[in-house]
Amino acid sequence: MPSDLMVKVAQDAWWDQNKHWFRWVLVGVPLLMTVLGLTIGVVWMVLSLWGSEVTALSLERVRGSSEVVSLLGEPIEAGWLIQGSVDEGAGVAELRYVVVGPKGDGGVRVRAELVEGVWVVTRLDVGAGEAVVVLEGGEGE
């Protein structure tokens, strides 16, 4: 029958051999979960903004503008990253994203308000190099 001293020595030896794994588990798993959670959050946010009516409405107007088409060419495609917010409760949306055409790219800024259940664009402009095309609203609004 093993003595208490032999059991203690065996336990200490096991701990000395395996403590680095516990450090990785105690630090690595929470770190991995944090990174994974942030990544899922960002992807969800971008996808929800791309799925909004405001984004579709603004992109349709950008593609339909002869001034923007002359600057960027056709077809005009939207970049993958979109920033801003759509708050249906407050009835306000502000977005920024990039559009790309064969002749170059430009930044889109859009502001919209929810009026009686319908999104109304109050400001929409596209900046391409030095040129700024104001499609809705005006500077300073």
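Not measured: the values here are computed from a predicted model.
Under the 3.5 Å distance criterion, the side-chain polar atoms of Trp119 are left unmatched by any main-chain donor or acceptor of Thr55. Distance alone, capped at 3.5 Å, is enough to place a donor-acceptor pair between the Thr39 side chain and the Val35 backbone. Under a 3.5 Å cut-off, the side chain of Ser52 and the backbone N or O of Leu49 do form a donor-acceptor pair.
In terms of hydrophobic clustering, with Ile, Leu, Val, Met, Phe, Trp and Tyr side chains grouped at heavy-atom distances under 4.5 Å, Val98 and Leu72 are assigned to different clusters. Under the 4.5 Å side-chain contact rule for hydrophobic residues, Val134 and Val120 do not share a cluster. Hydrophobic clustering (ILVMFWY, side-chain heavy atoms < 4.5 Å, transitive): Leu31 and Leu36 are in distinct clusters. By the criterion of side-chain heavy atoms lying less than 4.5 angstrom apart, applied directly or through intervening Ile, Leu, Val, Met, Phe, Trp or Tyr residues, Val86 is grouped together with Met45 in one hydrophobic cluster. Under the 4.5 Å side-chain contact rule for hydrophobic residues, Val126 and Trp80 share a cluster.
No option in Val121, Val118, Leu124 other than Val121 meets the side-chain contact (heavy atoms from CB on, under 4.5 Å) test with Leu57.
With values rounded to the nearest 0.5 angstrom, Leu95 atom CG is found 8.5 Å from Trp50 atom CH2. Here the straight-line distance linking atom CD1 of Ile40 with atom CH2 of Trp44 works out to 12.5 Å at 0.5 Å rounding. We find the CD-CD distance between Gln83 and Glu94 to be 12.5 Å, quoted to the nearest 0.5 Å. In this structure, the separation between CG on Asp125 and CZ on Arg109 is 4.0 Å, given to the nearest 0.5 Å. The OH atom of Tyr97 sits 4.5 Å away from atom CG of Leu59, with the distance rounded to the nearest 0.5 Å.
Considering every non-hydrogen atom in both Gln17 and His20, the closest pair reads O-CE1, 3.2 Å. Here the closest heavy-atom approach between residue Leu114 and residue Glu88 is recorded as CD2-O, 3.8 Å. The minimum heavy-atom distance linking Gly73 with Pro102 is given by the pair C-CD, 3.6 Å. Looking at every heavy atom in both residues, Arg61 comes nearest to Leu135 through O-CD1, 3.9 Å.
Looking at heavy atoms from C-beta onward, Glu77 lies in side-chain contact with Arg63 at the 4.5 angstrom threshold.
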